[in-house]
K.L.:
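Here it is, the structure, as structure tokens.
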Amino acid sequence: MIRSSVLVPALATLGLIAACGPSDRADLPFVRDIHSYARPEIARVTHVALDLRADFERRQLSGSATLTLDRARDAAEVVLDTRDLAIEAVTDTAGSALEFVLGTPDSILGRPLRVSLPRDVTVITIRYATSPDAPALQWLDPAQTAGGQQPYLFSQGQAILTRTWVPTQDSPGIRQTYAARLVVPDGLRAVMSAEMLTPDGTAVPGGRAFAFRMPEPIPPYLFALAIGDIAFRATGPRTGVYAEPAVVEQAAAEFADLERMVEATEALYGPYRWGRYDVLVLPPSFPFGGMENPRLTFATPTILAGDRSLVALIAHELAHSWSGNLVTNATWSDFWLNEGFTSYLELRIMEAVYGAERAAMLEVLGRQDLETAIAEFGADSSRTVLHLNLRGHDPDDAATPIAYDKGAALLRTIETSVGRDRFDRWLRDYFARHAFTSITSADFLRDIREHLIAGDQELEDQLQLERWVYGPGLPGNAVVPHSEAFARVDAQVTRFQQGSPARQLSAGRWSTQEWQHFLGALLADSLTREQLADLDRTFGLTRSGNSEVLVAWLRIAIAHRYEPALPALERFLTSQGRRKFLRPLYADLMARAWGQPLARQIYRVARPRYHTVSTRTIDAIVQ
Ligand code: BES
Ligand code: ZN
């Protein structure tokens with residue numbers, strides 16, 4: 001079970017911080033999460049029942065959250081996380097008012113809500129409403145959707161945004177089951193990261209009501225909802241796609257391999273434990289590529305390339321059903337346990353479904369991102385450590401290629417050392433041993449030492465696990481990925497650099513990943529205006545419908561001030577809000593005197609349509 005459930009109040013006063021050295025807390029029964037006000041050792045939330053109405057005019061969710069508590073007998077209060085919530089009342093099951101106070105707001109953490117607990121109270125109901133600017137919620141006008149007729153709402157909980165729409169203990173170490181009833185305007189459908197009990201809803205005064213239930217205990221960052229004109233297409237017996245009617249056919253075609261992906265992952269890592277696996281394709285302002293909300297991955301429409309070439313992102317979110325959702329980082333300092341494991345699983349799923357060469361290309365692209373990040377942070381920088389010290393930071397800052405690609409590199413290195421069969425067996429058992437719990441980096445080290453290394457000192461010395469987890473940079477024993485296809489692309493890069501015209505390059509059958517590699521290799525070069533025009537004319541890069549290829553090309557275009565591509569750049573920046581794409585493009589523009597006014601002008605127009613996750617990042621770039 002989760003460590004934080006153990007009742008040792010005295011330890012709570014020690015102020016244990018999330019990022020200590022390798023010897024940290026091995027002997028301590030629970031982990032303090034510095035990004036939550038919760039005091040789970042006194043009273044902790046085990047179940048959340050939501051009853052909410054969505055008001056699109058006021059951009060507000062309002063109603064109640066009924067929390068079931070696991071409390072110490074002498075607990076005087078339960079401490080919850082909130083941010084920008086209007087709390088109307090707190091009552092017990094008999095409807096008697098309970099005393100509560102809201103603490104001082106912190107710009108990252110929000111405000112603690114302390115509710116006094118009379119003896120024997122284990123269920124409390126909080127009546128509340130969200131703010132129109134709640135960072136977890138993006139309310140879209142009809143014009144921001146594909147259909148253009150209906151408004152849309154979606155939530156984004158990770159890392160610590162759930163507290164802006166649900167008053168609960170918002171820590172990944174405090175797992176909770178949930179149930180919900182959502183009332184939405186007529187003509188709209190609600191979906192959640194849960195079992196959908198009423199797919200079509202039921203008529204109620206003022207709209208339709210939808211009911212949901214998530215019977216497995218999950219970290220609250222995985223509570224999620226979306227409301228809009230949402231249709232469904234099955235892609236298999238337990239997989240399918242939700243999207244606006246205008247997009248759903250294209251999405252179903254793009255994700256035609258979903259069922260096979262789930263089967264491949266089960267064959268590797270054991271049964272899928274969540275029932276159905278569906279994907280919701282969101283409107284283009286969704287700030288992430290994907291978000292692994294259980295039973296219902298949320299995904300950006302920018303992966304609808306038309307040729308299934310960007311489905312590694314789906315493999316990634318699916319993989320989180322094991323690494324992340326089943327076995328969860330206990331604190332955001334352990335974020336690499338979610339994303340590093342998942343990035344490794346993503347490669348294994350892609351290899352199983354699409355072959356070794358596709359996986360090798362993805363792995364090399366990931367390694368390039370890692371090397372770029374290490375060069376940017378500095379090889380000695382504490383930002384390049386897997387187990388991060390996030391004191392004073394928004395946990396969002398943990399989302400760098402370090403967690404993803406250094407984490408994946410560690411697992412690949414262990415796999416190579418011990419052999420695939422043995423490693424796969426350990427990993428499958430690791431998911432089973434820790435299923436539905438939240439663990440730390442120290443727990444991972446304990447598990448792998450006990451169950452895989454098992455006292456083999458030579459192996460221990462070879463792996464250097466402490467150095468990987470608590471040290472900076474990329475350790476020297478990291479396995480170097482290699483792609484034959486990319487070696488062939490490199491030969492074409494050289495030919496082009498040496499003056500061969502674009503039409504003479506053997507690029508005819510290149511995949512998206514080969515294009516990414518080719519364009520990535522040219523980014524640092526200085527190309528002539530003629531060479532740029534030649535590439536563009538020959539390969540139609542400015543009008544590419546593949547978002548990854550287009551972004552790689554636009555970066556080259558900005559680096560060379562290739563003006564024919566600038567209208568496409570502006571169109572791209574104003575038509576989607578995925579942070580991974582916005583960040584480099586705005587940063588590239590801002591790095592050039594001529595680009596700054598253009599960046600400011602585009603951002604002024606686009607900003608109101610971006611999600612706050614994206615504006616928080618881009619505000620720091622475009623000034
Ligand atoms: N869980 C992440 C998204 C996330 C990370 C949200 C940190 C909030 C804070 C998700 O699984 C993810 O990693 N998405 C990536 C795609 C992936 C293929 C690397 C993304 O959105 O780009
Ligand atoms: Zn992820």
Side-chain angles (χ1 to χ4, degrees), residues 54 56 137-156 182 184-196 198-201 208 210 212 224-262 274-318 320-321 545-548 575-578 581 609 611:
F56 281 83
L137 303 178
Q138 194 177 14
W139 300 83
L140 301 177
D141 292 327
Q144 292 172 270
T145 66
Q149 300 300 313
Q150 296 282 9
Y152 201 103
L153 167 68
F154 67 88
S155 71
Q156 165 59 39
L182 300 179
V184 311
D186 274 324
L188 302 186
R189 186 212 290 254
V191 294
M192 290 189 89
S193 57
E195 187 185 340
M196 321 235 184
T198 50
D200 301 315
R208 292 192 87 70
F210 292 80
F212 306 88
L225 63 74
I227 300 169
D229 183 7
I230 297 171
F232 175 78
R233 288 289 175 280
T235 52
R238 58 175 166 168
T239 59
V241 175
Y242 289 93
E244 287 189 70
V247 178
V248 76
E249 300 297 348
Q250 192 195 345
E254 199 82 30
F255 305 145
D257 298 326
L258 267 188
E259 199 77 29
R260 281 210 294 146
M261 290 172 117
V262 177
W274 306 90
R276 293 193 56 85
Y277 180 73
D278 296 316
V279 175
L280 171 69
V281 178
L282 285 119
S285 68
F286 185 61
F288 294 107
M291 178 64 214
E292 66 270 26
N293 297 316
R295 294 178 66 104
L296 185 63
T297 281
F298 283 24
T300 169
T302 63
I303 56 168
L304 302 179
D307 59 2
R308 304 182 197 172
S309 64
L310 299 178
V311 297
L313 186 136
I314 299 298
H316 178 99
E317 305 312 334
L318 169 65
H320 274 304
S321 307
N546 185 298
S547 56
E548 293 283 357
S575 62
Q576 58 77 42
R578 185 174 170 188
F581 292 152
R609 300 201 286 268
H611 191 282

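Heavy-atom basis, side chains included; hydrogens, waters and symmetry copies ignored. The structure displayed is predicted, hence computed values, not measured ones.
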K.L.:
Got a donor-acceptor contact below 3.5 angstrom from the Arg233 side chain to the Val248 backbone?
P.N.:
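Pair absent, no side-chain N/O of Arg233 close to backbone of Val248.
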
K.L.:
Measure across Ala146 and Ala246 and return the closest heavy-atom pair with its distance rounded to 0.1 Å.
P.N.:
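Closest approach of Ala146 to Ala246: CB-CB, 4.2 Å.
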
K.L.:
Quick check: closest heavy atoms across Ser321 and Trp274, and the distance to 0.1 Å?
P.N.:
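Here Ser321 and Trp274 meet closest at O-NE1, 2.9 Å.
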
K.L.:
Enter the distance from Gln138:CD to Leu282:CG here, rounded to the nearest 0.5 Å.
P.N.:
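Result: 9.5 Å between the selected atoms.
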
K.L.:
Does any part of the side chain of Gln156, heavy atoms only, come nearer than 4.5 Å to the side chain of Phe298, both counted from C-beta?
P.N.:
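When only atoms from C-beta onward are counted, Gln156 and Phe298 do not touch, as no gap falls below 4.5 Å.
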
K.L.:
Mind checking the CD1-CE spacing from Ile227 to Met192? Nearest 0.5 Å is all I need.
P.N.:
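Ile227 CD1 to Met192 CE: 8.5 Å, rounded to 0.5 Å.
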
K.L.:
Does any N or O in the side chain of Arg189 come within less than 3.5 Å of the main-chain N or O of Gly201, such that one atom is a donor and the other an acceptor?
P.N.:
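No, the answer is negative, given that no donor and acceptor are paired below the 3.5 Å cut-off.
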
K.L.:
Find out whether Leu153 and Val184 are in side-chain contact, i.e. whether some heavy atom of one side chain is under 4.5 Å from a heavy atom of the other.
P.N.:
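Not in contact.
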
K.L.:
Carefully, step by step, assess Leu296 and Met196 under the rule side-chain contact (heavy atoms from CB on, under 4.5 Å).
P.N.:
CA-CA 10 Å; Leu296 185 63; Met196 321 235 184; 3.9 Å; yes

K.L.:
Should the ring pair Phe212 and Phe210 be called parallel, tilted or perpendicular, given that the plane angle runs from 0 to 90° and is split at 30 and 60?
P.N.:
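Aromatic pair Phe212/Phe210 classed parallel.
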
K.L.:
Would you sort out whether Val191 and Phe232 count as a side-chain contact (heavy atoms from CB on, under 4.5 Å), showing the intermediate values?
P.N.:
CA-CA 11 Å; Val191 294; Phe232 175 78; over 6 Å; no

K.L.:
Can you name the closest pair of heavy atoms from Pro185 and Ala54 and give their distance?
P.N.:
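Of all heavy-atom pairs spanning Pro185 and Ala54, the closest is CD-O, 3.9 Å.
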
K.L.:
I'd like to know if the side chain of Gln576 reaches the main chain of Arg578, judged simply by a donor and an acceptor atom lying under 3.5 Å from each other, with no hydrogens or angles considered.
P.N.:
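Yes, because the side chain of Gln576 sits within donor-acceptor range (under 3.5 Å) of the backbone of Arg578.
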
K.L.:
Asp278 and Arg295: side-chain contact (heavy atoms from CB on, under 4.5 Å), yes or no, with the steps?
P.N.:
CA-CA 6 Å; Asp278 296 316; Arg295 294 178 66 104; over 6 Å; no

K.L.:
When rounded to the nearest 0.5 angstrom, what is the spacing between CG in Leu280 and OG1 in Thr297?
P.N.:
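Rounded to the nearest 0.5 Å, the CG-OG1 separation comes to 9.5 Å.
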
K.L.:
Any side-chain donor paired with an acceptor under 3.5 Å for Thr145 and Asp229?
P.N.:
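There is no such pair (donor and acceptor under 3.5 Å, judged by atom type) between the side chains of Thr145 and Asp229.
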
K.L.:
Would you say Gln250's side chain and Val247's backbone share a donor-acceptor pair under 3.5 angstrom?
P.N.:
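It does not hold such a pair.
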
K.L.:
Do Leu258 and Val279 make a side-chain contact, defined as non-hydrogen atoms from C-beta onward lying under 4.5 Å apart?
P.N.:
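Yes, side chains in contact.
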
K.L.:
Measure across Pro283 and Pro301 and return the closest heavy-atom pair with its distance rounded to 0.1 Å.
P.N.:
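The answer is O-CD, 3.7 Å.
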
K.L.:
Less than 4.5 Å apart, side chain to side chain, heavy atoms only: is that true for Phe56 and Asp141?
P.N.:
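Phe56 does not reach Asp141 side chain to side chain.
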
K.L.:
If the plane angle is over 60° it's perpendicular, under 30° parallel, otherwise tilted; pick one for Phe154 and His611.
P.N.:
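Parallel: the ring planes of Phe154 and His611 meet at under 30°.
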
K.L.:
CZ of Arg208 to CG of Leu188: how many Å apart, nearest 0.5 Å?
P.N.:
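Interatomic distance, Arg208 CZ to Leu188 CG, rounded to 0.5 Å: 10.5 Å.
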
K.L.:
Please check this pair: side chain of Asp307 against backbone of Ser309, looking for a donor-acceptor N/O pair closer than 3.5 Å.
P.N.:
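Such a contact is found between Asp307 side chain and Ser309 backbone.
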
K.L.:
Has the side chain of Ser547 got a donor or acceptor atom that lies under 3.5 Å from a matching backbone atom of Thr302?
P.N.:
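Confirmed, Ser547 side chain pairs with Thr302 backbone.
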
K.L.:
Nearest 0.5 Å, please: how far is CH2 in Trp139 from CD in Gln144?
P.N.:
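Spacing of CD (Gln144) from CH2 (Trp139) equals 13.0 Å.
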
K.L.:
Report the distance from atom CZ of Phe581 to atom CD of Glu548, rounding to the nearest 0.5 Å.
P.N.:
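It is 4.0 Å, given to the nearest 0.5 Å.
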
K.L.:
Would a distance-only check, ignoring hydrogens and angles, find a side-chain to backbone donor-acceptor pair under 3.5 Å from Glu254 to Ala305?
P.N.:
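Confirmed, Glu254 side chain pairs with Ala305 backbone.
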
